[in-house]
Amino acid sequence: MSPEQFSSAVLDWYDEHGRHDLPWQQGITPYRVWVSEIMLQQTQVSTVLNYFDRFMQALPTVQALAEAPEDEVLHLWTGLGYYTRARNLQKAAKVVVEQHGGEFPRSVEQLTELPGIGRSTAGAIASISMGIRAPILDGNVKRVLARYTAQAGYPGEPKVANQLWATAERFTPQQRANHYTQAMMDMGATLCTRSKPSCLICPLQRGCEAHLHGEETRYPEPKPRKALPQRRTLMPLLANHEGAILLYRRPSSGLWGGLWSLPELDDIAQLDDLAYQHGLRLAGRHAMDGLTHTFSHFQLAIEPWLVHVDPVGEHVAEADWLWYNLATPPRLGLAAPVKKLLERAADELIAGDAR
């Protein structure tokens, strides 16, 4: 197919079969498109739907996001993972408000200067919300183009990525760039899926090199696999007589940056020092079921302990520590496994009270 035939086939399919009722497709603004694109990075549409609605209800404008407490932003993001996305979202909002008068820049180049916005996200914002012709290359589009051209090599390699960008540039039309961008993402999400692509109803079937050779699932070629290293940590859930759990805020950079988490120990013997540090007396403990959390670059084996504590005298609270009330939890950003452990602790404490 020529580039014109390619884009026409994609747009014809979109008009009849594309998704038109996603929440970020209603009342389109650069802000709504941007938030949805950041949420959709490495996350399924079905997961993002509820998060997007809650986020927009709480922070409906870029000004609201820029002015919100970080804890509120991270709370709204809790469970989506990759929390650097949320922190960069707020950093970028502040730049838009402070340096651009609350209006998003109207070029891909300027958009990519904002924290957390890469070339593909900038292209999506520019094309979908501004009607600017700008190619994109998110995971879905990458898969469509890699299969259509039988692109050899792992797309994460610069040379392969550059070839795919050239392909995306070649096929992006001058007209209806907004619909074409949405259509390509929709096709990758609903037709050209990872494991069982629906080739027989795909509008690009006639020109697809991978389909022609029966090698659809060969492309895009995967990243060479490496065994994930394993790490272990012990997380005590210190519970006071009111059923609140002691949490601390992690440093703003690094793993779970800025989120509230549980203390981490190398050994249960360190529990005495932790209790002394916070003016607490240990009053009984037991191990909870372990939990394994997988990050992109390692697996973390968590050994949780539910530890009952009593206060000993007066103790000055520190800014980066707080008692998290399980009955009426505050709106904080929590790491996903920590949220899960807090829910388990609440169930155990309620069951204990019932006995």
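Note: the hydrophobic cluster containing Y82 does not contain F52 (ILVMFWY, side chain heavy atoms under 4.5 Å, direct or indirect links). Hydrophobic clustering places V35 together with I28 (ILVMFWY residues linked when any side-chain heavy atoms are closer than 4.5 Å, directly or through intermediates). Follow the hydrophobic side-chain contacts under 4.5 Å out from V338 and you reach L237 in the same cluster. Cluster membership for L212 and F171, using ILVMFWY side-chain heavy atoms within less than 4.5 angstrom, is not shared. With hydrophobic clusters built from ILVMFWY side chains whose heavy atoms lie under 4.5 angstrom apart, V141 does not share a cluster with Y154.
Under 3.5 Å, the side chains of Q90 and E70 contain no donor-acceptor pair of N or O atoms. Side-chain contact annotation: W24 with Q26, donor-acceptor N/O pair under 3.5 Å absent. Side-chain contact check for Q182 and D186: at least one donor-acceptor pair (N or O, by modelled atom type) lies under 3.5 Å. A donor-acceptor pair shorter than 3.5 Å can be found between the side chains of D71 and W260. Looking only at atom types and distance, the side chain of Q299 has a donor-acceptor partner in the side chain of T294 under 3.5 Å away. No hydrogens or angles considered: nothing links the side chains of T29 and R32 as a donor-acceptor pair under 3.5 Å.
Across Y51 and G79, no two heavy atoms sit closer than the pair OH-CA, 3.3 Å. Heavy-atom minimum distance, Q151 versus Q163: NE2-OE1, 2.6 Å. Contact record, P203 with L191: CD-CD1, 3.9 Å, taken as the closest heavy-atom pair. Shortest non-hydrogen contact noted between W323 and V309 is CH2-CG2, 3.9 Å. Closest approach of I38 to G116, counting heavy atoms only: CD1-O, 3.8 Å. Across all non-hydrogen atoms, the minimal contact from L59 to A68 is CD2-CB, 3.7 Å.
Environment of CD in Q270: crowded, with over 12 heavy atoms of neighbouring residues, nucleotides or ligands closer than 6.0 Å. Within 6.0 Å of CD in E215 there are more than 12 heavy atoms belonging to other residues, nucleotides or ligands. Within a 6.0 Å sphere centred on CZ of R206, other residues, nucleotides and ligands contribute 12 heavy atoms or fewer. The number of heavy-atom neighbours closer than 6.0 Å to CZ of R170, taken from other residues, nucleotides and ligands shown, is above 12.
Proximity of a side-chain donor or acceptor of R85 to a complementary backbone N or O of L80 within less than 3.5 Å is detected. E67 contributes no side-chain N or O that, together with a main-chain N or O of A64, makes up a donor-acceptor pair within less than 3.5 Å. E221 contributes a side-chain N or O that, together with a main-chain N or O of G153, makes up a donor-acceptor pair within less than 3.5 Å. Looking at T43, its side chain does come within 3.5 Å of a backbone N or O of M39 through a donor-acceptor pair. Here the side chain of R231 pairs no donor or acceptor atom with the backbone of L300 at under 3.5 angstrom. Looking only at distances, no side-chain donor or acceptor of R281 sits under 3.5 Å from a matching main-chain atom of P311. Checked by atom type and distance alone, the side chain of N240 pairs as donor or acceptor with a backbone atom of G243 at under 3.5 Å. Using a distance-only test at 3.5 Å, with no hydrogens or angles considered, no donor-acceptor pair links the side chain of Q230 to the main chain of A301. Between the R232 side chain and the D266 main chain, a donor and an acceptor come within less than 3.5 Å of each other. Checking side-chain atoms of R218 against main-chain N and O of A210 turns up no donor-acceptor pair under 3.5 Å.
The pair R176-D15 meets the salt-bridge criterion, since a charged nitrogen lies less than 4.0 angstrom from a carboxylate oxygen. Contact check on E264 versus R250 returns a salt bridge, with a Lys/Arg side-chain nitrogen under 4.0 Å from an Asp/Glu carboxylate oxygen.
For the pair R147 and Y219, the cation-pi criterion (under 6.0 Å, within 45° of the ring axis) is not fulfilled.
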Legend entry - Stepwise side chain to side chain contact (heavy atoms under 4.5 Å, CB included) test for V45 and L22: CA-CA 9 Å; V45 168; L22 296 171; 4.0 Å; yes
Legend entry - Criterion salt bridge (Lys or Arg N to Asp or Glu O under 4.0 Å) on R133 and E169, from CA distance to verdict: CA-CA 9 Å; R133 181 189 179 277; E169 174 69 38; 2.7 Å; yes
Inset, instruction - I would like to know whether E16 and D12 meet side chain to side chain contact (heavy atoms under 4.5 Å, CB included); could you show each step before the answer? - result: CA-CA 7 Å; E16 189 171 354; D12 288 346; over 6 Å; no
Inset, instruction - Go through the steps for L204 and V10 under the test side chain to side chain contact (heavy atoms under 4.5 Å, CB included), then give the verdict. - result: CA-CA 7 Å; L204 301 177; V10 169; 3.9 Å; yes
Inset, instruction - Apply the test side chain to side chain contact (heavy atoms under 4.5 Å, CB included) to residues T121 and D138: give CA-CA distance (whole Å), side-chain angles for both, the deciding distance (0.1 Å), then the verdict. - result: CA-CA 8 Å; T121 300; D138 73 347; over 6 Å; no
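The OG1 atom of T217 sits 11.5 Å away from atom NZ of K196, with the distance rounded to the nearest 0.5 Å. Between atom CH2 of residue W165 and atom CG of residue L137 there is a gap of 5.0 Å, rounded to the nearest 0.5 Å. To the nearest 0.5 angstrom, Q110 atom CD is 6.0 Å from H100 atom NE2. Taken to the nearest 0.5 Å, the OH atom of Y248 stands 9.0 Å off from the CG atom of L262. Once rounded to the nearest 0.5 Å, the distance linking CD1 of I245 with CG of N325 reads 10.0 Å. A distance of 10.0 Å separates OG of S36 from CD of Q41, quoted to the nearest 0.5 Å.
Considering only heavy atoms from C-beta on, M185 comes within 4.5 Å of I128 through its side chain. Counting heavy atoms from C-beta outward, V96 and K94 have side chains that stay 4.5 Å or more apart. Side chains of M187 and N140 form no contact here, defined as non-hydrogen atoms less than 4.5 Å apart. The side-chain heavy atoms of S261 and L259, taken from C-beta on, include no pair separated by under 4.5 Å. Counting heavy atoms from C-beta on, the side chains of H20 and Y14 come closer than 4.5 Å. Annotation: side chain of W77 is in contact with side chain of L89 (closest heavy-atom distance under 4.5 Å). Residues L246 and Y324 form no side-chain contact, since every pair of their non-hydrogen atoms from C-beta on lies 4.5 Å or further apart. Within the 4.5 Å cutoff, no side-chain heavy atoms of R285 are placed close to those of H308.
Aromatic ring pairs are classed by plane angle as parallel below 30°, tilted from 30° to 60° and perpendicular above 60°; the pair H297 and F295 is tilted.
Residues H211 and Y148 keep their aromatic ring centres 6.0 Å or farther apart. For Y83 and W256, the ring centers sit 6.0 Å or farther from each other. The aromatic ring centroids of W321 and H278 lie less than 6.0 Å from each other.
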